[in-house]
There are 2 protein chains.
Amino acid sequence: MVRWQPGARERLQAAALERFAAQGFEGTTVAEIAATAGLTERTFFRYFADKREVLFAGQDEFERLFVDGIARAPDADPMGLVAAALEGATTFFAEERRPWSRARQVVIDADPGLQERELLKLSGLAAAMTRGLRHRGVDPIPAALAAESGVAVFRVAFGTWIAEGEERSLIDIQRAVLAELRTVVDGQPVG
Amino acid sequence: MVRWQPGARERLQAAALERFAAQGFEGTTVAEIAATAGLTERTFFRYFADKREVLFAGQDEFERLFVDGIARAPDADPMGLVAAALEGATTFFAEERRPWSRARQVVIDADPGLQERELLKLSGLAAAMTRGLRHRGVDPIPAALAAESGVAVFRVAFGTWIAEGEERSLIDIQRAVLAELRTVVDGQPVG
DNA sequence: GGCGTCATGTCAGCTGCTGACATCACTGTA
DNA sequence: TACAGTGATGTCAGCAGCTGACATGACGCC
């Protein structure tokens, strides 16, 4: 007879996603999530810094893929390094992850508080990529622009990847979106 | 003898910025801000949806400048429309606004919660610009990419504008950053 | 002179979140 | 076998953010 069931963290995450999907983020209390997982509110806050974080924990690896991609890419211009990072990060989003990503995104898109957290995480990703580019000798402003552009490509590609009916892999979509970005920015100014 | 002093909203905003600068965002309670402004906590929440919003209210006009810039620009490619929007929006940031923007940004940069709100506002700006571009006949993905790129340019330029010792106008900085973006995305080595 | 309006105040209450301390199965060791 | 230490969890009290319901009172209008 064990005192605690294992996997408390995972149980809390699963319980949270399920409850949020059923009742919305604001309509779910932390005590409720914890009870669903067979734990108490206090324990929830030992695993997650706040109520929103339960949907975002574990993205450190995701960020690391981007940064490693930049560090390991062969010498190239800034956007080439970013392209390498984008390619490397797609391993995080295997096909079997798509349904889960969809469910999670539905919950996030329904709550501004969760959108804020998602944006903060992506902003942190851009900052990390900027540091990686700086480390490869890129000047500050080009580094920031390349990193922000890379994140923009990722966001648009990811949104397409989880769109209903979409079947292409994330890596294929990303390549198409990156090409589209080059075309768009290449346009001549008018006025 | 009047029952209430006028300008409750502005008094609350000024009190909040002053307290946040002095004690930090988390170190300041809403009751404290309200008391500083000669009001009660309940009244604070009648003017601002939450504690963070007191630093962000009134940016509707700012967003409108961008959207109007896109709507009124002469026909051009997507990035040309975005460039027009960027130019139009700089009127919002006149020289006399620079010290205030700096003080406000110091407070925001010191608190992740405030950064989240700022990112949400910028995300809303990108969404509005995307809609404006769609209205001008731009396809969804190019519209999103051009809008996100425009916001990235604005962010980098604004950050430079409020940097210590910087004296160029925002519009000049923005033009330089936009040019830099074209170079970076074009695949030129930088740094 | 009375009456409605409306910005503000008062009060009670929920929820997110935290610090301090208790519990108790499990583990290693004498 | 006894027993102290460890560590995940529970209990409890409390603060701060935020909200709904209702009260107040100066002002303008008829």
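Protein chains get the first letters and strands the later ones, always in sequence-line order, with residue 1 at the start of each. Note that this is a predicted model, so its numbers are computed, not measured.
Annotation: ring pair (Phe, Tyr, Trp, His ring centres under 6.0 Å) contacts involving residues 96-151 of chain A, sequence neighbours excluded, are absent. Within the structure, no pair that satisfies the ring pair (Phe, Tyr, Trp, His ring centres under 6.0 Å) test touches residues 68-91 of chain A, not counting sequence neighbours. Contacts classified as salt bridge (charged side-chain N to carboxylate O under 4.0 Å, His left out) and involving residues 147-158 of chain B (residues at least two apart or in different chains) are given here: A/E148-B/R155, A/R155-B/E148.
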Nucleic acid footprint by protein, nucleotides 14-21 of chain D - heavy-atom cut-off 4.0 Å, B for base, S for sugar-phosphate alone: ---SBBBB

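The salt bridge (charged side-chain N to carboxylate O under 4.0 Å, His left out) search around A/R136 returns A/D75, not counting sequence neighbours. With sequence neighbours excluded, no residue forms a side-chain hydrogen bond (donor to acceptor under 3.5 Å, both in side chains) with B/D186. Residues passing the salt bridge (charged side-chain N to carboxylate O under 4.0 Å, His left out) test with A/R104, sequence neighbours excluded: none. Scored by the side-chain contact (heavy atoms from CB on, under 4.5 Å) test, A/A157 finds A/L170, A/I173, A/Q174, A/V177 as partners (sequence neighbours excluded). With sequence neighbours left out, the side-chain contact (heavy atoms from CB on, under 4.5 Å) criterion links A/S101 to A/F93, A/R97, A/F158, A/W161, A/I162. Not a single salt bridge (charged side-chain N to carboxylate O under 4.0 Å, His left out) links B/E41 to another residue, sequence neighbours left out.
Of all the residues in residues 8-21 of chain B, B/A8 reach under 4.0 Å from DNA chain C with at least one non-hydrogen atom. Residues from residues 103-120 of chain A with heavy atoms under 4.0 angstrom of DNA chain D: there are none.
If you measure from atom CD of A/E32 to atom P of C/dC14, you get 15 Å, rounded to the nearest angstrom. Rounded to whole Å, atom C1' of C/dC24 lies 7 Å from atom CH2 of A/W4.
Of the candidates B/L86, B/L125, B/V156, B/V151 forms a side-chain contact (heavy atoms from CB on, under 4.5 Å) with just one, namely B/L125.
In terms of phosphate contacts, B/T40 brings a side-chain nitrogen or oxygen within less than 4.0 Å of OP1 or OP2 of C/dG9. At the phosphate of C/dA7, neither OP1 nor OP2 sits under 4.0 Å from any side-chain N or O atom of B/Y47.
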